[in-house]
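Working notes, beginning with the structure itself.
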There are 2 protein chains.
Amino acid sequence: MTVTIKDIAREANVSFSTVSKALNDSPLVKEPTKQRILALAKEMGYEINTSAKILATGKSNAVGIYCPEITDQQYAVYVLEVSRELRQRGFLPCISSSSYDDAKEMFSRLKVACVIVADDQEIQFPNTDFVYHPFSGNADDQEKNHYTLKRDAALKAASLLNHSGHRTALILSEFHSDWLYRTLKRDSEFNTINHLQVNNNDIDRLYTSLKNTLDQTIPDAIICSSRNLAELTFVVGKSLGLKIPEDCSVIAFDGNVSSDSPVSLFGYSSKKMAAATADYVYAVINKREYHYVNLNPEMTLNYTVKL
Amino acid sequence: MTVTIKDIAREANVSFSTVSKALNDSPLVKEPTKQRILALAKEMGYEINTSAKILATGKSNAVGIYCPEITDQQYAVYVLEVSRELRQRGFLPCISSSSYDDAKEMFSRLKVACVIVADDQEIQFPNTDFVYHPFSGNADDQEKNHYTLKRDAALKAASLLNHSGHRTALILSEFHSDWLYRTLKRDSEFNTINHLQVNNNDIDRLYTSLKNTLDQTIPDAIICSSRNLAELTFVVGKSLGLKIPEDCSVIAFDGNVSSDSPVSLFGYSSKKMAAATADYVYAVINKREYHYVNLNPEMTLNYTVKL
DNA sequence: CTGTTAGCGCTTTCAA
DNA sequence: TTGAAAGCGCTAACAG
């Protein structure tokens with residue numbers, strides 16, 4: 001059977017309320033008694049019944065993380081990392097990636113103090129005091145969020161390329177996405193900027209389109225909207241006898257810039273976002289002041305870019 | 001303030017235990033009364049307090065899913081899918097992908113009836129009645145698990161290739177993995193079978209090694225240990241003027257075989273595994289008989305294989 | 001069919 | 001410094 005505070009109380013010859021206090025490290029119980037109880041609890045294999053605790057207090061240290069698109073690498077890294085960070089700050093992270101209703105129910109069961117939405121949709125959780133949307137486009141402008149950040153990163157990368165003599169660029173994106181092209185078209189200093197949109201799943205066509213495009217003109221830089229596209233571009237480039245980066249630099253956006261990438265990247269670090277999120281959550285829940293950390297665009301430059 | 005069954009009881013002029021029964025759809029309460037109470041509950045915005053319910057019953061319909069490597073696409077798909085399937089069967093899926101201790105605590109809070117370990121390690125959860133390891137190598141041999149399944153799939157693919165005249169093969173794997181080569185070396189009917197191991201992150205070397213290898217001899221088939229490797233192989237092959245599949249077929253193992261892949265795949269379907277898992281969990285928890293479904297190796301063949 | 005009552009394990013006054 | 005007692009919201013006998 002499970003061990004309760006009553007069992008411990010009996011063994012320790014104290015009342016069960018004393019045990020409760022000892023277990024919560026209350027100053028109202030004498031140190032030796034406390035130690036004795038703690039030791040006994042450990043020995044007897046006591047585990048707190050959280051339902052009872054939540055019922056009695058109406059509080060919980062659980063934090064919900066809602067991530068409907070966990071199969072997206074970027075969110076997965078963020079979720080993993082934010083879990084770790086929350087845990088370090090004494091919270092209990094609880095992920096839901098099934099339906100919205102599921103998430104709502106689970107979070108309400110756990111009486112979460114906060115839910116973090118790892119998605120670009122601004123999903124709401126009505127009965128939660130505090131819902132945070134680090135990835136949504138409309139987040140309060142006090143801080144840099146994902147949306148602003150990826151544009152900043154793109155512009156920073158473009159600026160670097162411009163300053164190192166890159167004058168023409170080819171933007172390679174997936175069909176559904178044109179933010180990169182739009183951003184660079186408007187705010188960068190390339191003389192010529194072309195856009196090639198491809199279907200990531202049709203590798204044969206991708207190869208052909210890219211080859212045809214490069215057969216006509218070689219841009220100074222190929223800027224891809226994902227790491228995967230950049231890897232394929234790299235191989236296609238090599239196969240066309242292109243010297244990378246002498247003839248043409250290759251760089252890509254990535255939502256999880258890290259140092260072990262084979263191609264140069266710009267973007268942001270999901271890990272750092274995660275740490276910032278955890279700090280923010282901690283501050284809000286504990287009603288502390290929070291100093292917004294400006295997350296910076298990140299870049300990993302390696303031999304695929306000519307500087 | 002939150003609405004409790006007592007509030008409803010007062011409004012409805014019944015005792016609160018009647019409300020409890022009505023809310024649990026007990027046959028012990030007259031239909032009109034039940035309807036009245038249900039309507040009232042809805043109107044008043046009643047939400048059950050799960051902590052109280054768990055405390056009172058000692059039971060919960062929550063199922064834990066432990067997935068430490070959620071950034072692995074294959075597990076991510078599985079987790080997503082198993083969540084959906086469990087939900088459909090009336091369970092509440094709860095994912096943890098942080099530390100083991102986190103997971104244990106969260107699962108104990110939720111009083112999960114079962115935990116599913118989405119990992120190849122056979123991780124145990126001591127205080128849970130029922131822990132299921134669909135991805136571990138040592139699972140009971142009553143059913144085909146991930147481990148058996150990937151070998152079966154590889155052999156089935158090899159057999160198909162053999163029967164359609166492929167006599168020589170090049171196995172392309174990442175450095176840390178040689179199961180594919182070992183399996184095919186031992187049990188397939190290729191005359192010649194070579195192994196090239198590459199580092200997925202060093203795309204430049206990957207290109208060179210693969211090019212050098214193919215410059216010497218062209219195998220009838222290139223069998224890759226991941227979809228990503230196959231995509232790169234495809235592009236390298238094209239760039240060398242290789243006609244795919246006339247000169248050489250390309251196929252890859254994938255833990256999540258689906259029809260939208262640009263290259264031919266063999267492996268299994270995480271989605272089907274997920275459905276089987278959910279069935280199994282349902283049967284065990286409800287003490288029903290379970291008929292093991294033999295999950296079958298899956299294949300997606302498209303133009304990259306010559307038949 | 002409906003109501004009464006006694007807990008589930010814990011926290012938290014309040015009294016000793 | 002400790003203990004007694006009430007109560008968090010709900011379920012589950014049992015009695016009516």
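Residue numbers start from 1 in every chain, and the chains themselves are labelled A, B, ... in the order their sequence lines are given, proteins ahead of strands. Quick caveat, the model's predicted, so the values are computed rather than measured.
Side-chain polar atoms of A/Tyr78 and A/Thr277 form a donor-acceptor pair below 3.5 angstrom.
Of the charged side-chain nitrogens involved, none lies within less than 4.0 Å of a carboxylate oxygen, so that A/Asp102 and B/Arg84 do not count as a salt-bridged pair.
Minimum atom distance to the side chain of B/Asn49 is reached by D/dC10, of the listed D/dC10, D/dT2, C/dT4. Closest to the side chain of A/Ala56, from the set D/dT1, D/dC8, D/dA12, is D/dC8. Closest contact between the side chain of A/Ala52 and the listed nucleotides C/dG9, D/dT2, C/dT11 involves C/dG9. For A/Val14, whose side chain is taken as the heavy atoms from C-beta onward, the closest listed nucleotide among D/dC10, C/dT11, D/dG3 is D/dG3. In this structure, of C/dC10, C/dT2, C/dG7, it is C/dT2 that holds the atom nearest to the side chain of B/Leu28. Closest to the A/Thr18 side chain, of the nucleotides D/dG3, D/dC10, C/dG9, is D/dG3.
With values rounded to the nearest 0.5 angstrom, B/Ile54 atom CD1 is found 11.5 Å from B/Arg109 atom CZ. Summarising the geometry, atom OG belonging to B/Ser51 is positioned 12.5 Å from atom NZ belonging to A/Lys53; distances are rounded to the nearest 0.5 Å.
Not one N or O on the side chain of B/Thr128 forms a donor-acceptor pair closer than 3.5 Å with the backbone of B/Val131.
Between B/Leu55 atom CG and C/dA6 atom P the separation is 18 Å, expressed in whole Å. Residue B/Lys6 contributes atom NZ, which lies 15 Å from atom P of C/dG3 at whole-angstrom precision. One can place NZ of B/Lys111 at 16 Å from P of D/dT11, the figure rounded to the nearest angstrom. The distance between atom OH of A/Tyr46 and atom P of C/dC10, rounded to the nearest whole Å, is 3 Å. The distance from atom NZ of B/Lys21 to atom P of D/dC10 is 15 Å, rounded to the nearest whole Å. The nearest whole Å value for the distance from the CD1 atom in A/Ile5 to the P atom in C/dT11 is 6 Å. Rounded to whole Å, the distance from CZ on A/Arg36 to C1' on D/dT1 is 13 Å. Atom pair B/Phe16:CZ and C/dT5:C1' shows a separation of 8 Å (rounding to whole Å applied).
Remark on DNA chain C: of its neighbouring residues B/Pro27 and A/Leu23, the 5'-side contact belongs to B/Pro27, judged by nearest-heavy-atom nucleotide.
A sub-4.0 Å separation between OP1 or OP2 of C/dT11 and a side-chain N or O of A/Ser20 is present. Here B/Ser15 reaches the OP1 or OP2 of C/dG3: one of its side-chain N or O atoms lies under 4.0 Å away. Look at B/Ser17 and you won't find any side-chain N or O under 4.0 angstrom from OP1 or OP2 of C/dT4. At C/dC1, none of the side-chain N or O atoms of B/Lys30 fall inside 4.0 Å of OP1 or OP2 (strictly under the cut-off).
Across all strands shown, A/Ser51 has no heavy atoms under 4.0 Å from either base or sugar-phosphate atoms.
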